[in-house]
Amino acid sequence: MKLQLDIVTPERELFSNEVDIVLAPGPEGQIGILPQHAPLITVLDEGLLITRSGEEELTFAIHGGYMQVLPDRVIVLADVAEGAGEIDIERAEAARQRAEELLKKSPPPEEHAAAMKALRRSLVRIKLARRSHRPYRPQEEQ
Amino acid sequence: METLREIRRRIRSVGNLAQVTHALEAVSASKVQKAQAAVIQTRPYAHRAWEVIVNISGSADSPTHPLLTYREPIQSVLVVLFTSDRGLCGAYNNNIIRVAEAYAKRLGTPVSYVAVGRRGRDALWRMRANLVAEFHNLPAVPGFMDVSPIAQTVIEEFLKGRADQIFLAYTDFVNLLRQQPVIQRLLPLHPSSIEEQALSEYVIDMKPVGVAEYIYEPSAREILNTVLPRFTELQVYQAALEAAASEHAARRMAMHNATENADELLRDLTLVRNKARQKAITSELLDIAGGAEALHQAQQGH
């Protein structure tokens, strides 16, 4: 029994394939989805979406959105989503530094919120880029 | 009668012009394809998002949401008018502006506008219409992030009660030769009648599927708060892409016609040039012959 996982954004379809498990960034922490999950619609936070299919592990950066879960299907409707190969680590680092410097100056609430969002976004990207350098290994080898 | 040199200069300049319009035609043709590809890419998301909206609003204890709520009577309407920033695209802008103006007159309620594109903004200024906001300098093929400020402005107008209904006025891309100005409702959303909804061609209508009740995390209302603004943004995005594809198709056509006209002019001018050249040769020959004859007669006279 497998799960059909679709990751779509308004601009494109990023991923569509069968997987064994989905770990998604829920509003209160990672949510693990296995086949035969109860029907669920949930909001998604900024974070990493990890999916495994056999030995293969894939990670995506999700920047907000929501997810629909059915017993045999998971549909992720992300505002923005990226695969590991799409991250420019230097750009993400630069974005993080910019956001941090802005936050140090204690800007007005509106700018503060925007900077926080940019910071969270860049952190997720950096996390994804770092992670993909470390290939997935099954647990017994660790 | 122009001199031969003047005609040659004109031929050169018309030839250059034809090259430029031909190049612009090719550029526009490739932009049409990019915009079309982008709008097709929105389909998977549009289907899924609509499915979620239908499911939530179809469930027994569905929460009400301001973006789903009709207001009676309708006291004010907002029209989002999509035009281009630049000209050289035939009747593209005039067509949609005329349709929007006629529609607004028929409504009988006060109409305010959001202009997307300089041409529409200028036209609305001339009409002394009530312009709430204007956006221009969108990329040739806009991205989702480029248009979401437009959607957010519109949603705010709706939620603050300054407009009871929102319409999109844009040019639907039918094919390279045909673009259709259309006006469709954006807000409020009405989950039970998709065909009345803007950009419904990108959504497969579906009845609420008989799935057991969903668990909503954190709540159905929270989900709607995320889904509905996104879906509205998506529709504005789709309209912007349709408008972009239509604009480039219209410009391609205009440039195609310009190239044809230039080619025709070139043929006419070539004919004139050849005639002028022939005439010059003939008159030169006559001069020589006349001169020779005069010389001959002068010699015989001695």
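First the proteins, then the strands, lettered A, B, ... as listed; each starts at 1. Below, all heavy atoms of this structure are taken into account, side chains as well, without hydrogens, waters or symmetry copies. Computed from a prediction, not measured in an experiment: that's the story for all the values here.
- The neighbour count for A:Lys117 NZ, taken as heavy atoms of other residues, nucleotides or ligands under 6.0 Å away, does not exceed 12.
- Screening residues 73-114 of chain A for ring pair (Phe, Tyr, Trp, His ring centres under 6.0 Å), with sequence neighbours left out, gives no hits.
- The nearest pair of heavy atoms linking B:Met145 to A:Arg121 is CE-NH1, 4.4 Å.
- Within the model, atoms CD of B:Glu217 and CG of A:Leu44 stand 11.0 Å from one another, a figure rounded to the nearest 0.5 Å.
- Of all heavy-atom pairs between A:Val8 and B:Pro44, the closest is CG1-CB, 3.8 Å.
- For the residue pair B:Val52 and A:Ile41, the shortest heavy atom distance occurs at CG1-CD1, 4.0 Å.
- Rounding to the nearest 0.5 angstrom, the gap separating the CD1 atom in B:Ile56 from the CD atom in A:Gln68 is 8.5 Å.
- Atoms OH and CG, from A:Tyr66 and B:Leu224 in turn, are 10.0 Å apart once rounded to the nearest 0.5 Å.
- The environment of B:Gln33 atom CD is sparse: at most 12 non-hydrogen atoms of other residues, nucleotides or ligands sit within 6.0 angstrom.
- For the atom pair CZ of B:Arg230 and CG of A:Leu77, the computed distance is 11.0 Å after rounding to the nearest 0.5 Å.
- Scanning all heavy atoms of the two residues, the minimum distance from B:Thr226 to A:Val43 falls at OG1-CG2, 3.8 Å.
- A:Pro10 approaches B:Tyr45 most closely through the heavy-atom pair N-CD1, 3.5 Å.
- Annotation for A:Arg91: atom CZ does not count as buried by contact number, only 12 or fewer foreign heavy atoms lying within 6.0 Å.
- For A:Leu40, the parts lying under 4.5 angstrom from a heavy atom of chain B are both the backbone and the side chain.
- Within 6.0 Å of CZ in B:Arg71 there are more than 12 heavy atoms belonging to other residues, nucleotides or ligands.
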Derivation of the side chain to side chain contact (heavy atoms under 4.5 Å, CB included) call for B:Tyr214 and A:Leu70: CA-CA 9 Å; B:Tyr214 279 95; A:Leu70 291 165; 3.3 Å; yes

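- Contact of A:Glu13 with chain B is made through backbone and side chain together, with heavy-atom distances under 4.5 Å.
- Remark: A:Arg12 CZ is packed, more than 12 non-hydrogen atoms of other residues, nucleotides or ligands lying under 6.0 Å away.
- Using a 4.5 Å cut-off between heavy atoms, B:Tyr237 touches chain A through its side chain atoms alone.
- Proximity to chain B (any heavy atom under 4.5 Å) is restricted, for A:Val80, to the side chain, taken from C-beta onward.
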